[in-house]
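The structure appears right after this line, and notes come after that.
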Amino acid sequence: MADADHEAFGQSVVLTKRIKSVLQGYPEGTSVIKELVQNSDDAGASLVRLCYDAREHKVESLLYPGLKGFYGPALCAYNSSTFSDEDFRSIQRIGDSSKQAARGKVGRFGVGFNSVYHLTDVPMFVSGRHLVIFDPHVVNLQTADTGVRLNFTEGKGKERVRTHADTFAPFRGMFGCDFDKPFTGTLFRLALRTPAQAEASQISKVVYDPTHVWGMLELLGREVADMMLFLRSVEKIETYYWAPDAAAPALLHTCEVAGGPDIRKARALMTQIPRELAAIKDLSAWTQAYRMRVKRTNHDSENRFPEDDVAWLVVQGMGDGPARDMAVRKDLAQYDLNLLPWAGVAIRAEQSVCAPCPGRAFVFLPLPLDTGLPVHCNGFFELSENRRDLWLADAGMTGGGRARSDWNMMVLDDPVVRCYARALALLAADGASASDLLALLPAQMPLRPWSTMVARLATVLLTTAWLPCNGRLVRPCDVLVAAAADGPETSKQTALQAALRAFGIDLFIAPKAMIELFASSRAPLKLLDVPTLKAALARPAAKPAPGDAALVLEYLVSHGCVGADLVGLRVLPVWNGEIAEIAASTAATRLYISASESVAAVLPQSHGSLLHTCCTAVDGLVPLLARPATLRGTNMALLDLAAFHDLVLANLPKAWVDATTDRQDPTVWGCPRCTFHNALSAGACEMCAEKRPPAGKNPQRAFTARDRDGWTSVKDWKKLMVGPVAAPDWLRLLWSLLDRATTEPVFGGLVTPSQVSE
């Protein structure tokens with residue numbers, strides 16, 4: 001229907017303005033190359049070649065004379081995949097790519113491809129039977145169309161290859177393109193924007209010259225190794241230069257993935273995922289861990305490109321938690337989201353040696369987004385339109401925007417965390433050191449959204465056996481953890497770690513950053529302190545040596561575990577080599593705080609009650625044990641003269657007490673009697689700490705019956721016991737024992753205290 005007051009009046013889009021808005025969201029530089037590589041990967045190409053063609057081509061026989069200005073220097077990009085009919089349809093659309101609905105497709109021809117307009121106003125490409133030329137300004141083709149597609153293999157198209165040879169000349173001889181037959185692959189040609197073209201362009205005013213192109217290629221050389229990590233099909237990227245006077249392009253740089261068919265299959269796993277995620281039962285079949293090498297080789301005589309060979313561990317897989325649940329939700333179809341709960345991590349790892357790297361976020365190719373992590377993280381994230389940032393919603397966002405943001409958080413918390421944790425466990429199983437593994441955790445909590453992922457990772461790692469400790473892999477939740485000490489305390493901490501290992505208790509000495517990371521993630525570690533150590537000691541898995549028990553006991557007492565807090569702990573090393581349990585003060589047995597060899601020598605039957613001599617080797621332990629606060633409420637006691645008196649009586653051989661032993665018997669307790677005399681002498685001096693023999697005299701000789709030259713008179717005995725007599729009963733016992741133990745009485749019988757006091 002049409003009349004004077006009724007006319008067509010709809011909205012339209014100016015193509016050049018739309019493309020210009022796309023470019024504003026896409027950074028210049030290698031983003032153009034990355035988009036071409038991503039599209040090549042989506043198409044299943046295994047080889048990508050880039051070439052700076054510096055030649056000026058003839059323009060006498062152009063099919064479209066308006067293209068004369070676009071046959072100078074250009075950046076060319078080849079990939080080994082040929083366009084399908086759907087690809088041809090998709091590349092015509094901007095922001096309405098068919099790949100949004102395709103499982104396993106990442107790039108978006110409708111948006112990403114248009115980044116090529118950073119370099120040119122008229123992109124061209126050859127694929128299969130066709131040459132395509134785009135002209136969004138609708139001026140260079142001298143038609144009313146924004147582009148043309150020529151079939152050069154039949155009919156008039158085949159004739160045009162001959163009659164308008166200059167139109168096709170820039171493609172001839174490049175990577176096998178000859179126009180004699182369908183071209184296997186796809187070859188883009190992006191003629192660099194000249195100053196005159198920039199002035200007239202409604203798309204971009206940026207001029208591109210050789211300096212810009214060389215800068216792009218050199219930057220690509222630095223970034224290309226990372227670009228290869230998560231691609232599914234591209235295995236090699238080559239860089240060429242076709243000099244103005246050269247007959248063929250020269251190879252400058254190669255980056256390739258090494259690994260063979262197994263690696264090829266593992267990298268392409270995501271492309272095999274069925275459309276219906278809900279039908280997948282065995283998620284383990286959709287998780288892959290593999291090692292690959294990425295090798296860069298410089299072929300440039302000016303050495304402008306890097307050369308190295310780096311090994312990587314890559315773990316990729318499906319999520320089986322909230323991300324998968326969200327991906328199968330039917331109500332999200334209204335937002336036209338292509339959700340796949342797929343993610344992965346890549347870690348630099350040469351066998352058992354792994355190293356951190358400046359972590360970046362990937363959507364199969366690296367984004368200009370540092371994560372603050374020491375590993376690379378890949379995910380099927382929802383991005384802002386410029387592909388530079390993860391989509392994150394603010395507090396007021398709803399609808400599709402909120403759904404996209406929620407999706408990104410679920411991918412981080414589900415498949416990314418799963419792959420990260422599995423990678424650490426695999427490296428640990430391969431023998432990676434604890435220090436290398438801990439270097440793969442962030443030194444500090446990164447910014448949102450990566451901080452939420454790290455918090456979730458810490459929770460998962462807490463119950464995953466990935467931490468090397470005492471020669472085996474443990475779950476952090478099953479071990480005690482102590483912050484690494486500094487300076488001289490380091491050796492003491494290491495000794496305590498070994499001592500606890502003797503109890504069957506694992507102590508992991510961790511850097512403070514690890515402890516802070518787990519604490520801030522609300523996945524706190526079991527830090528070493530008195531309560532946690534007591535709990536571990538309540539169920540020891542092994543019997544320690546006395547020296548190990550002494551070190552553990554010193555830690556407890558020096559950290560305030562004294563008195564009744566010690567009751568029930570089997571940590572007191574005693575002379576017979578056993579580890580005694582400290583009991584309450586009401587216990588029938590006593591444990592004596594004395595580690596004297598002299599005392600122990602005359603109390604052989606009481607070795608289970610005397611402190612082991614190893615305790616004297618632990619700095620400060622014996623004084624700590626002797627404090628009243630330590631002893632209070634326990635069956636531990638100081639060994640004083642009265643206790644020693646009772647112990648000697650208890651240890652005296654029955655034959656002695658009965659006085660039935662033949663006095664000519666040369667041994668006492670299986671050793672020469674003089675040895676016993678000497679031990680008793682030393683024990684006496686030990687117990688009477690304030691009483692010392694005269695200087696220069698040997699106290700043991702005073703108790704040797706066969707030495708008559710001195711120390712045999714009561715006066716000399718008085719000299720030996722200089723000072724007040726603290727225990728007359730003890731002296732009577734001592735002299736009585738000596739009288740019983742010698743063939744000739746030292747003093748002709750029992751010496752009384754009154755004689756000593758003379």
Side-chain angles (χ1 to χ4, degrees), residues 315 319 321-322 343 345 347 349 354-359 370-377 409-429 432-486 489-490 493-494 496-497 500-501 505-536 555 559:
V315 179
V345 299
I347 298 174
C354 45
C357 64
D370 294 330
T371 63
L373 303 173
V375 305
H376 294 315
C377 293
M409 300 307 297
M410 290 182 182
V411 171
L412 286 171
D413 289 354
D414 185 1
V416 170
V417 166
R418 284 169 52 83
C419 292
Y420 202 150
R422 187 180 180 199
L424 292 178
L426 289 172
L427 288 168
S433 67
S435 58
D436 278 0
L437 290 169
L438 292 177
L440 299 177
L441 296 178
Q444 58 186 13
M445 187 64 77
L447 299 176
R448 185 177 177 270
W450 305 99
S451 57
T452 60
M453 186 277 290
V454 171
R456 173 62 180 157
L457 174 66
T459 302
V460 172
L461 288 178
L462 198 63
T463 56
T464 301
W466 66 278
L467 193 63
C469 184
N470 295 334
R472 61 192 183 92
L473 299 181
V474 300
R475 303 187 309 171
C477 65
D478 293 334
V479 300
L480 299 180
V481 178
D486 299 323
E489 291 296 312
T490 302
Q493 189 178 60
T494 303
L496 177 62
Q497 182 186 41
L500 287 173
R501 181 166 62 245
I505 298 171
D506 291 315
L507 172 64
F508 184 77
I509 299 175
K512 294 178 181 177
M514 173 188 172
I515 295 174
E516 292 171 356
L517 182 70
F518 275 78
S520 61
S521 302
R522 297 184 180 180
L525 300 166
K526 195 187 303 179
L527 298 181
L528 176 66
D529 56 19
V530 169
T532 57
L533 180 53
K534 286 181 64 176
Y555 175 87
H559 285 76

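This is a predicted model, so every value here is computed, not measured.
Although no hydrogens or angles enter the test, the distance criterion places no donor-acceptor pair under 3.5 Å between the side chain of Gln497 and the main chain of Asn470. Thr371 places a side-chain N or O within 3.5 Å of a backbone atom of Leu373 that can act as its donor or acceptor partner. Remark: the backbone N or O of Val479 is not paired with any side-chain donor or acceptor of Asp506 at under 3.5 angstrom.
Taking both residues in full, the closest heavy atoms of Tyr420 and Pro374 are given as OH-CD, 3.8 Å, listed atom of the first, atom of the second, then distance. Contact record, Ala482 with Gln493: CB-NE2, 3.8 Å, taken as the closest heavy-atom pair. Between Leu461 and Pro476 the shortest heavy-atom distance is O-CD, 3.1 Å. A pairwise comparison of heavy atoms in Pro322 and Asp414 identifies N-OD2, 3.6 Å as the closest pair. Closest of all the heavy-atom pairs between Ala443 and Ala513 is O-CB, 3.5 Å. Residues His376 and Cys357 come closest through the heavy atom pair NE2-SG, 3.6 Å.
Val375 is not listed as a side-chain neighbour of Pro356, based on a closest heavy-atom distance of 4.5 Å or more. You'll find the side chain of Leu427 reaches within 4.5 Å of the side chain of Leu440, heavy atoms only. Residues Leu424 and Leu467 are not in side-chain contact: their nearest non-hydrogen atoms beyond the backbone lie 4.5 Å or more apart. Ile509 places none of its side-chain heavy atoms less than 4.5 Å from the side chain of Thr490. With contacts defined as side-chain heavy-atom distances shorter than 4.5 Å, the pair Pro358/Asp370 does not qualify.
Considering only residues two or more places apart in sequence or on other chains, Phe508 meets the ring-ring contact (aromatic ring centres under 6.0 Å, His included) condition with none of them. When the side chain to side chain contact (heavy atoms under 4.5 Å, CB included) test is applied to Ser520, the partners found at least two apart in sequence or on another chain are Met445.
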Less than 3.5 Å apart, which donor and acceptor atoms pair up between the side chains of residues 521-535 and the rest of the protein, not counting sequence neighbours?
residue	atom	partner	partner atom	Å
Ser521	OG	Leu517	O	2.7
Lys526	NZ	Cys477	O	3.3
Asp529	OD1	Thr532	N	2.9
Asp529	OD1	Thr532	OG1	2.8
Thr532	OG1	Leu527	O	2.9
Thr532	OG1	Asp529	N	2.9
Thr532	OG1	Asp529	O	3.1
Lys534	NZ	Asp565	O	2.9

Would you tabulate the side-chain donor-acceptor contacts of residues 449-460 under 3.5 Å, counting partners in other chains and residues two or more places apart, or write 'none'?
residue	atom	partner	partner atom	Å
Thr452	OG1	Pro449	O	2.6
Thr459	OG1	Ala455	O	3.2

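Within the structure, side-chain hydrogen bond (donor to acceptor under 3.5 Å, both in side chains) contacts touching residues 474-485 (residues at least two apart or in different chains) are Arg475-Asp478. Within the structure, side-chain hydrogen bond (donor to acceptor under 3.5 Å, both in side chains) pairs that include any residue of residues 432-448 comprise Ser433-Ser435 (at least two apart or interchain).
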For Val416 and Val411: C-alpha separation, side-chain torsions, deciding distance, then whether side chain to side chain contact (heavy atoms under 4.5 Å, CB included) applies.
CA-CA 6 Å; Val416 170; Val411 171; 4.2 Å; yes
